[in-house]
Amino acid sequence: MKQKVLTLAVTAAVGFGTIFGGYAAKSEAASVSELKGKQSEIQNKRSGVKSDINKVNDKINNLQKQQSDVKDEMKRIDFAISDTTEKINDKKAKINATKTEINKLQGDIKVILDRMKKRSELLKERARSYQENGGAVNYIDVLLGAQSFNDFIDRANAVATLVLADQEIFKQHEADKNELEKKQEKVKKDLAGLETMLADLNKMSQELKVQMAEKNKLLSKLKVQENEAHEHAMNLQEQEGILAAQEAAIQRSIKSEEDRQARAAAEAKRAAEAKRAAQARQQQSSSSSSGSGGGGAVPSTPAVSSGSFTRPAAGAITSTYGARWGTFHWGVDLAQGGTVPIVAAADGEVYVSHYSSSYGNVVYILHNINGQIYTTVYAHMRSRNVSAGQHVSKGQQIGIMGSTGDSTGQHLHFELYKGRWQYHSAINPMGIVPF
């Protein structure tokens, strides 16, 4: 949409500047110095447009560099996301392994607890036995109840073994208790550390994804800006091309005027010599001749009117110069059905004849009328009969009315500029061109 608006603006400006005028090498034509002044103005304008083009190209290069930098940063973030994801997967695997170890430890803990329970029951049983029978006395009774010396030795060994066994039970009970507490503490600590690292990695992953989303948003914005800059550059190049065509047309006008002045000087010289010769011979002679030829009438309306300008096409005026639909209409629209010829509004030189996306088939003509430069534009034609560099006469057919480009129906959009074309500087042709 933006590109279309820019193109419309450029083409409209071109069209408006071209409508007003007539180009002819007459005695009333602008002087060579005036034409050169106009040429200088166009050269300055072209220089400014070229400078703008360079600035836009610099902007495009800068935007492209920014995009390259953003892509490099996105690549770095992408690698960081991959590395973080790999670490997350590694921590998850270790957490799963730790949980498996915890499950296994739960089984070991159960065995230790069963063992400790059995020992506790045994110790309780021993304690009850001591309480009921008197621990040391029972051992003496055991020894004194021996039937022989060998039996006594066996009983003494048995008593010693039982005493040692009781002590060992207490030691194992304490060792199992300490081992259980250490294993439980270690596993809890390892699992807590892994879960903390996993949480940190997940947070880092989210932050990297947010950064990536921001970079993608920035990259999209830079691409839009680059596209807009390209559109601007294209419109500036179109303006520069039109100005170049204007400059070339004025240069040809200068050459034509110089040739006319040379012919007029030669004719004046010949007339003066003839007059002197006639006076020397003392003969009276007078002669006058004038020739004017009107071109054949266009086989259909409009008829060529007198004066500097003529109506460019037949049809009803459907839109005038001025405010329209919330915007500004820079010309006059003429509409009529059928095959409607479009003619040059004045003598001049075609300096643009091409197809525009907004103005369709369009023709721009440079005119030189009574020392004043004008420009006329004829838009939305079905077809064009003239080409750039071609001289045309007032009333000469240059195309056929149509509806090409940004148009909703068959009509001629006609614009007029006083002087060379300049953006949004068309004048109201009503009262100047006979409609």
Side-chain angles (χ1 to χ4, degrees), residues 11-12 14-24 245 249 292-321 329-369 374-417 421 426 428-435:
T11 310
V14 172
F16 303 147
T18 312
I19 293 177
F20 214 14
Y23 174 81
S292 62
V298 178
S300 63
T301 56
V304 179
S305 60
S306 60
S308 300
F309 293 95
T310 191
R311 202 174 202 266
I317 297 176
T318 58
S319 187
T320 57
Y321 177 95
H329 188 239
W330 293 93
V332 171
D333 289 349
L334 299 172
Q336 180 169 298
T339 301
V340 182
I342 295 173
V343 302
D347 296 342
E349 180 185 329
V350 177
Y351 71 90
V352 173
S353 176
H354 68 187
Y355 183 87
S356 165
S357 60
S358 55
Y359 271 34
N361 285 312
V362 61
V363 169
Y364 311 96
I365 302 177
L366 184 73
H367 310 275
N368 185 341
I369 298 178
Y374 293 93
T375 309
T376 52
V377 175
Y378 312 75
H380 306 307
M381 292 193 289
R382 182 192 308 174
S383 60
R384 294 172 280 115
N385 299 348
V386 292
S387 56
Q390 181 177 343
H391 288 275
V392 292
S393 301
K394 182 177 71 173
Q396 177 180 336
Q397 184 173 343
I398 60 173
I400 296 175
M401 187 182 293
S403 183
T404 57
D406 189 4
S407 170
T408 57
Q410 178 168 298
H411 73 289
L412 166 66
H413 176 77
F414 177 82
E415 297 171 351
L416 176 64
Y417 290 83
W421 165 80
N428 190 350
M430 303 295 289
I432 300 174
V433 177
F435 286 104

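These values consider heavy atoms only, across backbone and side chains, with no hydrogens, waters or symmetry-generated copies. Predicted model only: the values in this text are computed from it and were never measured. Note that the numbering runs from 1 along the sequence shown for the chain.
- In terms of heavy-atom proximity, Ala314 sits nearest to Pro302 at N-CD, 3.8 Å.
- Residues forming a side chain to side chain donor-acceptor pair (under 3.5 Å) with Thr404 (at least two apart in sequence, or on another chain): none.
- Between Trp330 and Ala426, the shortest heavy-atom distance links the atoms O-CB, 3.7 Å.
- Side chain of Gln410 to main chain of Gln336: a donor-acceptor pair is present (N/O by atom type, distance under 3.5 Å, no hydrogens or angles).
- Considering Leu334, Val433, Val304, Val343 as possible partners of Arg311, the one that fulfils the side-chain contact (heavy atoms from CB on, under 4.5 Å) test is Leu334.
- The shortest heavy-atom contact between Tyr351 and Ala245 is O-CB, 3.1 Å.
- The two residues Gly338 and Arg382 come nearest to each other via the heavy atoms O-NH2, 3.4 Å.
- Under the rule for a ring-ring contact (aromatic ring centres under 6.0 Å, His included), the partners of His380 that lie at least two apart in sequence or sit in another chain are Tyr359, His411.
- Residues forming a side-chain contact (heavy atoms from CB on, under 4.5 Å) with Ser393 (at least two apart in sequence, or on another chain): Asp347, Gln396.
- Ile365 places a side-chain heavy atom less than 4.5 Å from the side chain of Ile398.
- Here the CG atom belonging to Leu412 is positioned 11.0 Å from the CD1 atom belonging to Ile317, to the nearest 0.5 angstrom.
- A heavy-atom distance below 4.5 Å is not found between the side chains of Phe414 and Ile342.
- In this structure Thr320 satisfies the side chain to side chain donor-acceptor pair (under 3.5 Å) test with no other residue, sequence neighbours excluded.
- The shortest non-hydrogen separation linking Leu366 to Ala249 is CD2-CB, 3.5 Å.
- Between the side chain of Ser353 and the main chain of Val386, a donor-acceptor pair closer than 3.5 Å is present.
- Listed by chain and number, the residues in a side-chain contact (heavy atoms from CB on, under 4.5 Å) with Ser305 are Thr310, Pro434 (sequence neighbours excluded).
- Residue pairs meeting the salt bridge (Lys or Arg N to Asp or Glu O under 4.0 Å) criterion with at least one partner in residues 384-403, sequence neighbours excluded, do not occur; the list is empty.
- Every residue two or more places apart in sequence or in another chain that forms a side chain to side chain donor-acceptor pair (under 3.5 Å) with Ser403 is listed here: Ser407.
- Of all the heavy atoms in Ile369 and Ser308, the pair that sits closest is CG2-OG, 3.3 Å.
- No side-chain donor-acceptor contact under 3.5 Å links Asp406 to the backbone of Ser358.
- Listed by first and then second residue, the salt bridge (Lys or Arg N to Asp or Glu O under 4.0 Å) pairs involving residues 395-405 amount to none (not counting sequence neighbours).
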